[in-house]
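First comes the structure, then the notes that go with it.
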Amino acid sequence: MEPDESAPADLVMLFTDGACSGNPGPGGWAYILRHPASGQERDASGAEPETTNNRMELTGPIEGLASLKRRCAVELVTDSQYVAKGIMEWMPNWKRRGWKRKEGAALKPVMNVDLWKRLDVLLSAHDVRVTHVRGHRGHPENEACDRMAVAAYKRLKRDGPA
């Protein structure tokens, strides 16, 4: 990618996706991290033998944010409404209620609370803006992340756990 001299030096673009074969079943996650000012880009992916789609959707941003070495302005691009709404709408209420969600009149534990708590810590270390894109609609980086996540769990199914 060509450097964009007009881009802020601290801006990174984080594109993420997760995929699962069965729910639960083997799943994969992926991210592409792009620094527009320098034109540098890196990506990573991984898989778990028995997981859910939502866990993989959360793992992509967790792994991408965890790979950053210093505080950044991050534009997190995801096709997951679960991730986008969780960060922008639900998490503040969950935290206020002790990581519980309202279900009718009752409070129930938040699903995947271990990952949400980890994501919360990572989000607080950066200035994050979330952008939701529609999945499988031709967004190049979203499509690339989807291919990487699927390839990761297919490799795991073929080769077994490392």
Side-chain angles (χ1 to χ4, degrees), residues 12-34 42-69 71-137 139 141-157 159-162:
V12 295
M13 304 289 297
L14 175 58
F15 305 94
T16 70
D17 202 12
C20 216
S21 178
N23 201 20
W29 57 267
Y31 71 81
I32 297 170
L33 197 56
R34 180 177 295 154
R42 68 176 185 252
D43 60 49
S45 62
E48 293 183 18
E50 187 70 13
T51 190
T52 65
N53 191 67
N54 283 345
R55 289 188 71 79
M56 293 296 90
E57 291 286 1
L58 285 166
T59 301
I62 288 170
E63 293 293 334
L65 290 168
S67 75
L68 297 171
K69 306 287 189 248
R71 187 172 193 86
C72 299
V74 179
E75 182 168 352
L76 169 58
V77 180
T78 178
D79 68 358
S80 170
Q81 286 193 6
Y82 179 66
V83 171
K85 285 185 176 186
I87 292 169
M88 296 187 298
E89 298 175 26
W90 305 332
M91 200 181 317
N93 291 328
W94 292 341
K95 290 167 60 174
R96 211 172 30 255
R97 296 180 187 125
W99 292 98
K100 303 241 188 281
R101 61 184 171 81
K102 268 190 127 171
E103 191 174 293
L107 290 178
K108 304 278 184 165
V110 170
M111 298 288 292
N112 303 311
V113 70
D114 58 326
L115 297 179
W116 283 112
K117 285 181 175 181
R118 174 87 171 112
L119 183 57
D120 184 43
V121 169
L122 292 164
L123 290 167
S124 70
H126 303 283
D127 301 309
V128 180
R129 183 177 84 199
V130 178
T131 300
H132 180 260
V133 298
R134 295 189 65 180
H136 310 288
R137 294 288 199 274
H139 186 283
E141 293 86 358
N142 179 254
E143 297 289 340
C145 285
D146 181 64
R147 286 190 300 274
M148 291 174 9
V150 169
Y153 79 65
K154 284 184 175 180
R155 257 190 322 275
L156 180 70
K157 283 171 59 172
D159 300 340

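Values below: all heavy atoms of this structure, side chains included; hydrogens, waters and symmetry mates excluded.
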Report task. Identify the residue among Arg55, Glu63, Glu57 that makes a side-chain contact (heavy atoms from CB on, under 4.5 Å) with Trp29. Result -> Glu63
Query raised in the report: Which atoms form the tightest heavy-atom contact between Ile32 and Ala144, and what is the distance?
Result: CD1-CB, 3.8 Å
Report summary line: Residues Gly64 and Leu14: closest non-hydrogen pair is CA-CD1, 3.8 Å
Query raised in the report: What's the shortest heavy-atom distance between Asp17 and Ala149, and which atoms?
Result: O-CB, 4.2 Å
Query raised in the report: If you count the non-hydrogen atoms of other residues, nucleotides and ligands that lie under 6.0 Å from CZ in Arg71, is the total more than 12?
Result: yes
Query raised in the report: Say you draw a straight line from CG of Asp43 to CZ of Phe15; how long is it, rounded to the nearest 0.5 Å?
Result: 12.0 Å
Requested in this report: Could you tell me the separation between the CD atom of Glu143 and the CZ atom of Arg137, rounded to the nearest 0.5 Å?
Outcome: 10.0 Å
Requested in this report: Would you name the heavy atoms of Ala19 and Met56 that are closest together and state the gap between them?
Outcome: O-CG, 3.7 Å
Query raised in the report: Does atom CZ of Arg129 have more than 12 heavy-atom neighbours from other groups under 6.0 Å away?
Result: no
Query raised in the report: For Lys95 and Asp120, which heavy atoms make the closest approach, and how far apart are they?
Result: NZ-OD1, 3.0 Å
Query raised in the report: Is there side-chain contact between Pro61 and Thr78, with heavy atoms separated by less than 4.5 Å?
Result: no
Contacts under 3.5 angstrom, residues 80-89 side chains, donor-acceptor by atom type, not counting sequence neighbours:
residue: Ser80; atom: OG; partner: Tyr82; partner atom: N; Å: 3.3
residue: Ser80; atom: OG; partner: Val83; partner atom: N; Å: 3.0
residue: Tyr82; atom: OH; partner: Asn112; partner atom: ND2; Å: 2.9
residue: Tyr82; atom: OH; partner: Trp116; partner atom: NE1; Å: 3.1

Requested in this report: For Leu122 and Val128, run side chain to side chain contact (heavy atoms under 4.5 Å, CB included): C-alpha distance rounded to whole Å, both residues' side-chain angles, the deciding distance at 0.1 Å, then the answer.
Outcome: CA-CA 10 Å; Leu122 292 164; Val128 180; over 6 Å; no
Query raised in the report: Looking only at atom types and distance, does a side-chain atom of His126 sit under 3.5 Å from a main-chain N or O of Ala73, one as donor and one as acceptor?
Result: no
**Report entry** Reported CG-to-OG1 distance for the pair Asp146 and Thr16, which is rounded to 0.5 angstrom
**Finding:** 11.0 Å
**Report entry** Residue list, ring-ring contact (aromatic ring centres under 6.0 Å, His included) with Trp90, at least two apart or on another chain
**Finding:** Trp94
Query - Separation of Trp99 CH2 from Met91 CE (nearest 0.5 Å) - result: 5.0 Å
Requested in this report: Quick one: pull up CG in Asp79 and CD in Glu141 and give me the separation to the nearest 0.5 Å.
Outcome: 12.5 Å
Query - Exam field: side chain Glu50 to backbone Gly27, donor-acceptor pair closer than 3.5 Å - result: no
Report summary line: The reported gap from CZ in Arg118 to CG in Leu123 (rounded to nearest 0.5 angstrom) is 11.0 Å
Requested in this report: Quick one: which residue pairs count as a salt bridge (charged side-chain N to carboxylate O under 4.0 Å, His left out) with a foot in residues 100-110, not counting sequence neighbours?
Outcome: Arg101-Glu103
Report summary line: All heavy atoms of Ile62 vs all of Leu115, minimum pair found to be CD1-O, 3.4 Å
